[in-house]
Amino acid sequence: MINKKDYRKVWILLGTLAVLLRFFLSGNPYLTERVYSRGLFPIIRTIIDYTVALSPIPLFYVFFGLVFYFLIKRIIKPRYPQKTIIKKIINFVYSTIAFLGGLIFFFLFLWGYNYARVPLETQLSLSLKPLTDTELKTELDNMTDEIKQLRLNISTATDKALTNELIPAPFETKMRAYLTKSMNQFGYPTPGRVRGRILKPAGILLRISTSGFYLPFVGECNTDAGLHPIQLPFVFAHELAHGYGITDEGSCNFLAYHACINADDPFVKYTGALSYWRYLAIAYKRKNRETYDAYRNALPKGIIADLDAINKQMDLFPDIFPDLRYKAYDTYLKTQGISEGMSNYSRVILLAHAWRRGRG
């Protein structure tokens, strides 16, 4: 039987072994796909979804509440009050390393090994290449025509921005069905029933430049309540894709786009297409600042109203330490094998363009 004083050694060892396994798997994507992503992870996914995920409240609050409680408890009531300052410092560092070891172990075991799986473009047999300026403009023009038509298909749409009255209900159930249908079409298993939560207060994530995130320790997807309704379906589907084991941000964006444009709800179809259009527009604007404004102003009044409403909504939640957050997450993505870092989000353009081109 392990003595209490040895528990920290166990967590340090488990964390170290988990990292070593991650390095090994990074060079063996097909092994990762077979053994973990399509083997162990679906079991973990199902167990979580039919146990703790049945909680009526988002487990985000429970998880971070417990972490905060134990941290405060340790500060108020030190584990070894009789020790000298030097020994207390050593003990603190030792405990911190053990805590991080346990954190890393559970992160990788519960979800993180999916970072080493076979890339989506390989799964879909897509050939990715950077778009030329001409191809980017053509893709933007084609998507502009699509969003014009998709907005006309919303019977209640006017020249004013669309509102939350158009969000389909039950929202979580429908968005999960749209996303799983798309993933299944592409050959991805979707075990369990990933929970998608909308976190309040509004701006809790947006103020750190994040519209949503997946929390592996409780197996739930989280989306900020401060998002404009037009953004919500795409972001929600993106986070659900994370929940089903897709780690790459651009791949999650592509799956969210595909899920939305193939939905049976006109509002969801339009918002998914508009989200992709915005990525194209940003890329086009970077290269054509002098002509972008004219291009945008030539859009139908309703679409301009939607874009303005999204921007106005985002302005309500200015970033806190935006540079710090960007650098931290950029570094995190790179350490997980995503060499583009934060630029990985816009990789949806390469994926969607290749898929649309292959579709004919």
Side-chain angles (χ1 to χ4, degrees), residues 2 7 10-11 13-60 62-64 66-67 100-120 122-124 172-173 175-197 212-223 236-249 251-252 255-256 259 336-338:
I2 299 175
Y7 283 157
V10 172
W11 292 121
L13 177 61
L14 287 175
T16 302
L17 292 175
V19 171
L20 291 175
L21 179 59
R22 171 68 177 87
F23 279 117
F24 170 75
L25 292 177
S26 65
N28 296 275
Y30 289 98
L31 177 65
T32 304
E33 188 76 31
R34 183 174 68 255
V35 176
Y36 181 78
S37 299
R38 296 173 185 264
L40 179 59
F41 179 70
I43 298 173
I44 295 171
R45 177 78 272 157
T46 303
I47 292 173
I48 290 175
D49 291 340
Y50 292 102
T51 54
V52 294
L54 297 176
S55 167
I57 64 172
L59 293 175
F60 167 88
V62 177
F63 176 78
F64 284 104
L66 289 173
V67 171
L100 292 175
L103 207 64
I104 291 170
F105 168 76
F106 282 113
F107 172 80
L108 291 173
F109 176 76
L110 294 175
W111 182 74
Y113 287 125
N114 283 309
Y115 274 105
R117 73 186 305 180
V118 174
L120 181 139
T122 303
Q123 171 73 19
L124 274 57
E172 179 188 9
T173 301
M175 291 309 304
R176 184 167 52 238
Y178 296 147
L179 189 277
T180 55
K181 180 180 178 181
S182 286
M183 292 190 67
N184 293 158
Q185 287 179 357
F186 291 138
Y188 284 106
T190 52
R193 51 188 296 276
V194 178
R195 295 304 310 271
R197 309 283 197 171
F213 77 103
Y214 176 70
L215 186 59
F217 307 106
V218 296
E220 285 187 350
C221 309
N222 301 276
T223 304
F236 200 89
H238 172 109
E239 299 307 327
L240 289 177
H242 276 314
Y244 280 115
I246 306 299
T247 54
D248 181 270
E249 301 294 348
S251 298
C252 285
L255 290 170
Q336 295 302 326
I338 298 177

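What you see below is based on every heavy atom in this structure, not just the backbone, and it leaves out hydrogens, waters and symmetry mates. Here, residue 1 is the first one in the sequence, and each next residue gets the next number.
Arg117 has its side chain out of reach of Pro29: every pair of non-hydrogen atoms, C-beta onward, lies at least 4.5 Å apart. A 4.5 Å side-chain heavy-atom check between Val194 and Cys221 finds at least one atom pair inside the cut-off. At least one side-chain heavy atom of Phe109 sits less than 4.5 Å from a side-chain heavy atom of Ile44. In this structure the side chain of Val62 never reaches within 4.5 angstrom of the side chain of Val218, judged on heavy atoms. Using a 4.5 Å heavy-atom cutoff, the side chains of Asn222 and Glu239 are not in contact. Annotation: side chain of Met183 is in contact with side chain of Ile246 (closest heavy-atom distance under 4.5 Å). A 4.5 Å side-chain heavy-atom check between Thr16 and Phe105 finds every atom pair outside the cut-off.
Partners of Arg38 under the salt bridge (charged side-chain N to carboxylate O under 4.0 Å, His left out) rule, at least two apart in sequence or in another chain, are Glu33. Every residue two or more places apart in sequence or in another chain that forms a ring-ring contact (aromatic ring centres under 6.0 Å, His included) with Phe64 is listed here: Phe60. Remark: Tyr244 engages no residue in a ring-ring contact (aromatic ring centres under 6.0 Å, His included) (not counting sequence neighbours). Phe63 pairs by the ring-ring contact (aromatic ring centres under 6.0 Å, His included) definition with Phe217, not counting sequence neighbours. Partners of Tyr214 by ring-ring contact (aromatic ring centres under 6.0 Å, His included), not counting sequence neighbours, listed by chain and number: Trp111. Glu220 pairs by the salt bridge (charged side-chain N to carboxylate O under 4.0 Å, His left out) definition with Arg197, not counting sequence neighbours.
Residues Asn114 and Thr247 bring no donor and acceptor atom of their side chains to less than 3.5 Å of each other.
The main-chain N or O of Ala53 is found under 3.5 Å from a side-chain atom of Arg195 such that the two form a donor-acceptor pair. Looking only at distances, no side-chain donor or acceptor of Tyr36 sits under 3.5 Å from a matching main-chain atom of Leu31. Judged purely by atom type and a 3.5 angstrom limit, Arg45 uses its side chain to pair as donor or acceptor with the backbone of Gly219. Side chain of Thr51 to backbone of Ile47: a donor-acceptor contact under 3.5 angstrom is found. In this structure, the side chain of Ser55 does not engage the main chain of Val52 through any donor-acceptor pair within 3.5 Å.
If you take CE on Met175 and OG1 on Thr223, they are separated by 9.5 Å, rounding to the nearest 0.5 Å. In this structure, the separation between OH on Tyr30 and OG1 on Thr32 is 11.5 Å, given to the nearest 0.5 Å. We find the CD-OG1 distance between Gln185 and Thr180 to be 10.0 Å, quoted to the nearest 0.5 Å. Remark: Leu21 CG to Asn28 CG distance equals 10.0 Å, nearest 0.5 Å. Distance check, rounded to the nearest 0.5 Å: CD1 of Ile48 to CD1 of Ile43 gives 12.0 Å. To the nearest 0.5 Å, atoms CG (Leu20) and CG (Leu25) are separated by 11.0 Å.
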Q | side-chain contact (heavy atoms from CB on, under 4.5 Å) assessment of Phe186 paired with Asn184 | A | CA-CA 5 Å; Phe186 291 138; Asn184 293 158; over 6 Å; no
Q | Chi angles and distances behind the side-chain contact (heavy atoms from CB on, under 4.5 Å) call for Phe236, Arg176 | A | CA-CA 9 Å; Phe236 200 89; Arg176 184 167 52 238; over 6 Å; no
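The shortest non-hydrogen separation linking Leu120 to Tyr188 is CA-OH, 3.4 Å. Looking at every heavy atom in both residues, Ala259 comes nearest to Ser182 through CA-OG, 3.2 Å. Taking each heavy atom of Leu108 and Tyr113 in turn, the nearest pair found is O-CD1, 3.0 Å.
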